[in-house]
Amino acid sequence: GMGAKALEFTILTAARSGEAREAVWGEIDIDAALWTIPAERMKAGRPHVVPLPSRAVELLRPLREAAQGDLVFPGAKGKPLSDMSLAAVLKRMKLDVTVHGFRSAFRDWAGNETGFPREIMEEALAHQVGNAVERAYRRQAAVDKRRTLMAAWAGFLNPPAGGNVRKLGRKAGAA
């Protein structure tokens, strides 16, 4: 269902559930594989550009073709999915985890299992990086580096066929 699709998208993008549930097609550039969340929908009050891994784009294409409104993941009566709809998917799967826990899992995985710089990981989560002076000089969002990080995350979540056994200590996509 739509809740499961929204959950998968949320996990793939390491987004907050509200950002995904309230996403509209005007924020998504499928061809460029980018999702630009406007400042007014972000916790930090600043826009956030999310590079979409190929699996997220695959998930979005049929939704776009079937869209009957502006919401990417419409709920009942064309309104956004409720905040409980994604959690309900996890409950039906009998998983004792939270939706937000996947953001934490992303950060743990990126920090422990990859060689990506901390700043790239934090930017992927839309966290502010550095002090005010550092932020004043760091104006770019490192989208290309984050694209590589998000592709590695998607690969970790869904390894290729026959690739479900991982060698311990493997470092994914160092930037």
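Note that the structure is a prediction, hence the values are computed from the model and not measured.
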Q. Step by step, would you call Arg107 with Arg118 a side-chain contact (heavy atoms from CB on, under 4.5 Å)?
A. CA-CA 9 Å; Arg107 183 58 179 88; Arg118 175 188 169 279; 3.7 Å; yes
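- For the atom pair OG (Ser85) and CG (Leu90), the distance works out to 10.5 Å, reported to the nearest 0.5 Å.
- What you find for Val89 and Ala4 is that their closest heavy atoms are CG2-N, 3.6 Å.
- Nearest approach of Ala152 to Phe116, heavy atoms of both residues: CB-CE1, 4.3 Å.
- A continuous path of ILVMFWY side-chain contacts below 4.5 Å connects Val57 to Leu12, so both sit in one hydrophobic cluster.
- Contact between Asp31 and Arg61 at its shortest, heavy atoms only, is OD1-NH1, 4.4 Å.
- If you take CH2 on Trp109 and CE on Met121, they are separated by 8.5 Å, rounding to the nearest 0.5 Å.
- Taking CD1 of Ile30 as the start and CH2 of Trp25 as the end, the distance is 5.0 Å to the nearest 0.5 Å.
- The two residues Ala32 and Arg147 have their closest heavy-atom pair at O-NH2, 3.2 Å.
- No continuous path of hydrophobic side-chain contacts links Val50 to Leu71 [ILVMFWY only; heavy atoms under 4.5 Å].
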Q: Would you sort out whether Glu119 and Lys145 count as a salt bridge (Lys or Arg N to Asp or Glu O under 4.0 Å), showing the intermediate values?
A: CA-CA 10 Å; Glu119 294 81 11; Lys145 289 181 180 181; over 6 Å; no
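- Atom-to-atom distance recorded for Asp83:CG and Arg16:CZ is 15.0 Å, nearest 0.5 angstrom.
- Using a 4.5 Å cut-off between side-chain heavy atoms of Ile, Leu, Val, Met, Phe, Trp and Tyr, with links allowed through other members, Met84 and Phe73 fall into different hydrophobic clusters.
- Going from atom CG of Leu86 over to atom NE2 of His100 covers 13.5 Å, rounded to the nearest 0.5 Å.
- Cluster annotation: Phe9 and Val24 are assigned to distinct hydrophobic clusters (Ile/Leu/Val/Met/Phe/Trp/Tyr, side-chain heavy-atom contacts under 4.5 Å, transitive).
- Rounded to the nearest 0.5 Å, atoms CZ (Phe102) and OG1 (Thr13) are 12.0 Å apart.
- Classification of the Phe156-Trp153 ring pair by plane angle, with boundaries at 30° and 60°, yields parallel.
- Arg146 contributes no side-chain N or O that, together with a main-chain N or O of Pro51, makes up a donor-acceptor pair within less than 3.5 Å.
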Q: Take Leu60 and Val72, measure what side-chain contact (heavy atoms from CB on, under 4.5 Å) needs, and give me the verdict at the end.
A: CA-CA 8 Å; Leu60 291 174; Val72 175; 3.6 Å; yes
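- By the 4.0 Å N-to-carboxylate-O rule, Lys5 lies too far from Glu8 to be salt-bridged with it.
- Around CD of Glu40, the count of heavy atoms belonging to other residues, nucleotides or ligands within 6.0 Å exceeds 12.
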Q: Starting from the C-alpha separation in whole Å, work towards a yes-or-no answer on side-chain contact (heavy atoms from CB on, under 4.5 Å) for Arg21 and Thr10.
A: CA-CA 8 Å; Arg21 288 183 299 100; Thr10 301; 5.9 Å; no
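- Between the side chain of Thr148 and the main chain of Asp144, a donor-acceptor pair closer than 3.5 Å is present.
- In terms of modelled atom types and a separation under 3.5 Å, the side chain of Arg55 and the main chain of Asn158 share no donor-acceptor contact.
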